[in-house]
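Structure first, commentary second.
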Amino acid sequence: MAVLSNIQSLPLSTIAFYALTIYLTSKIATAVQRIFFHPLSRVPGPTICAISRLYEFWWDSLYEHGRLWSRMPKLHEKYGPIVRIGPNEVHIHDLEYFNELLSFRPLNKWAMTAHQFGISEALFGTEDYKHYTKKRAAFGNSFSRSSALKCQDLLNEHLDKACDIIKQRNVEGQTVDLAYIYRGAPADMFTELIFGKQFNFIDDEVSTRGLYDRKHEVLFGMFHLGRHIFFLIPLLLDLLWQQLKQAAGGPKPKWSMLGYLSWAKGTLKELQEELKDPSKTAESRKIKPVMATFMEANLSDSDKTIGALSQQGVAVWSGGWETVGTTVTLGTYEVLKNHKISDRLKSELKTAWPDIRQPPSMEALDASPYLTALIKESLRFTPPPGRLSRYNPTEVEHYKNYSFPPGTVISTSLSMVSRDPSIWGSDAEAFRPERWIGKENEDGKLDQWLVSFSKGTRVCPGLELAWVELRLLFAHIFRKFDLSIDEKANIGDDDILTYRDGFTGISKNWCQRLPVWAKPVSS
Ligand code: HEM
């Protein structure tokens, strides 16, 4: 009491001075502890990384958005295979250890990416290994190879509709942006697959583009800021920015991501009701909605609230089209830049799919080596660029002569493996589908390093579906049309290649664009 009354009698400026001194001293003490006495003290890296996460904040949010990933190779060049990139985080680029970290081990995920998107209830955001395994099992065999094959008809239907739009543009003497077609058709297919209803993205180009155009991030860098402060703050700033833009006369999409989220919530409520009355279920449906399978699984009530379910559904939905859209847009751009690739692909597709009035045969597409090589090379160029992070919650982890106490975050990058010259040779940066065929890939020695879907326990659950989508998207577009990039649109690498990390790759100009002239082939 006496101390308190003494403090109260001090002038405000003196109290502020003492408070600041105590604060700074504690910060300095923490910094000294982290640099000299922390279990990661011996790990090389920039000193600023040992003290704080300001380095990441600078490269991902302040200097330019989503660029830390491009610094990682430079840091490894300077410091070696292991670098301390945060007070409690190391990044390791070592192929042997890569396979050990991303194997079938009970490690937790450090789900920073999930927090930044505000989807910590979704599979993607579930940190704890046991909880994750249970949630993943709740999807049953929704994403198995046989289920993926069952989605063919659904995707062919949506792609036929997309092809009609392309034909119509040709009749009107207009170009069409394939980046939008490659998102719109899969997004429609996934809406039906996951929620059991149609949404018709493909009919509205402006609004569909709004889903993957990240230009609005320029000012507030929403996603990366969300890693450092409560994610809703950047989200709200972002909404404010969008409103201001629209008030200033910017385009007004008919719906937005938030609009879709609330639609998804409503649809899930209907689905929940429907499941209570089995006589109604799946009556008029071609395919059982994935979220119906998930709702029927044996999970805790907290995993089945409408909030948790809609995070779950929308996360899988966006995982299903955005990633694939990015990959196939990049692949198409590379094909259209190189006649040799384009001619070889088209001639192979003509053999695999002789009559375009009939749907393509997946067996024949599976057995098309050049198409497969093109997809692998496109995937190699489009892994999620940022780091994947794991931690062992209970045991010490070891790397060479380093030991990391439980809870230490250990990260690695698919993008570094995908361009490592020790695997891909001196032309690792060149887009060359031929590398996947013949001697260079003897005994699948390159296949083992196709890691765009990650590996091990948390390997992308949509891998099989992604392959079906990629084959069909390339097949429909290259078999049915003669294409050339619209020269007037000045499309370049900055519109297509991964430059920023937004979990999926984002181009330097924020939104992938690929306007083409598309002339339908007669047979
Ligand atoms: C080109 C296509 C795709 C690529 C490159 C890709 C890549 C990835 C990667 C790297 C991860 C993170 C895995 C990890 O943390 O280790 C992931 C997770 C995930 N992907 Fe995909 N993916 C693709 C397509 C799909 C599709 C079609 C679906 C739809 C079913 C999907 C659904 C998911 C889900 C739900 C997760 C979260 C799983 C988790 O956190 O463990 N992805 N994906």
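For the numbers below, each heavy atom of this structure counts, side chains included, while hydrogens, waters and symmetry mates do not. Just follow the structure's listing: the first ligand is 1, and inside any ligand the first atom is 1.
Annotation for ligand 1: atoms under 4.0 Å from non-hydrogen atoms of L123 are 40 (O). Within the listing of ligand 1, atoms 5 (C), 7 (C), 10 (C) sit less than 4.0 angstrom from a heavy atom of S452.
The closest approach between a heavy atom of E464 and any atom of ligand 1 is not below 4.0 Å. The shortest separation from a heavy atom of F190 to ligand 1 is under 4.0 Å, placing the residue in contact. Heavy-atom distances between P383 and ligand 1 stay at or above 4.0 Å for every pair. For the pair Y132 and ligand 1, a heavy-atom separation below 4.0 Å is found. The shortest separation from a heavy atom of K109 to ligand 1 is under 4.0 Å, placing the residue in contact.
Considering backbone and side-chain N/O atoms, T323 never comes within less than 3.5 Å of an N/O atom of ligand 1. Of the polar atoms of K455, none of the N or O atoms is found under 3.5 Å from an N or O of ligand 1, judged by distance alone. Polar contact check, R136 against ligand 1: no nitrogen or oxygen pair lies under 3.5 Å apart. By the 3.5 Å distance cut-off applied to N or O atoms, R458 is counted among the residues near ligand 1.
For the pair R183 and F201, the NZ or CZ position fails the cation-pi test of under 6.0 Å to the six-membered ring centre and within 45 degrees of the ring normal. A cation-pi arrangement, defined by a distance under 6.0 Å to the six-membered ring centre and an angle within 45 degrees of its axis, is absent between R387 and W69.
Here R390 has side-chain heavy atoms under 4.0 Å from ligand 1, and that is the only part of it that gets that close.
None of R344, E434, K346 except one satisfies the side-chain hydrogen bond (donor to acceptor under 3.5 Å, both in side chains) rule with Y370; the exception is E434.
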(request) Could you walk me through whether R53 and D60 pass the salt bridge (charged side-chain N to carboxylate O under 4.0 Å, His left out) test, one step at a time? (result) CA-CA 11 Å; R53 290 182 52 222; D60 270 347; over 6 Å; no
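Residues E89 and T408 bring no donor and acceptor atom of their side chains to less than 3.5 Å of each other. For the residue pair Y182 / T326, no side-chain donor-acceptor distance below 3.5 Å is found, with atom types taken as modelled. With no hydrogens or angles considered, a side-chain donor-acceptor pair links Y333 and D493 at under 3.5 Å.
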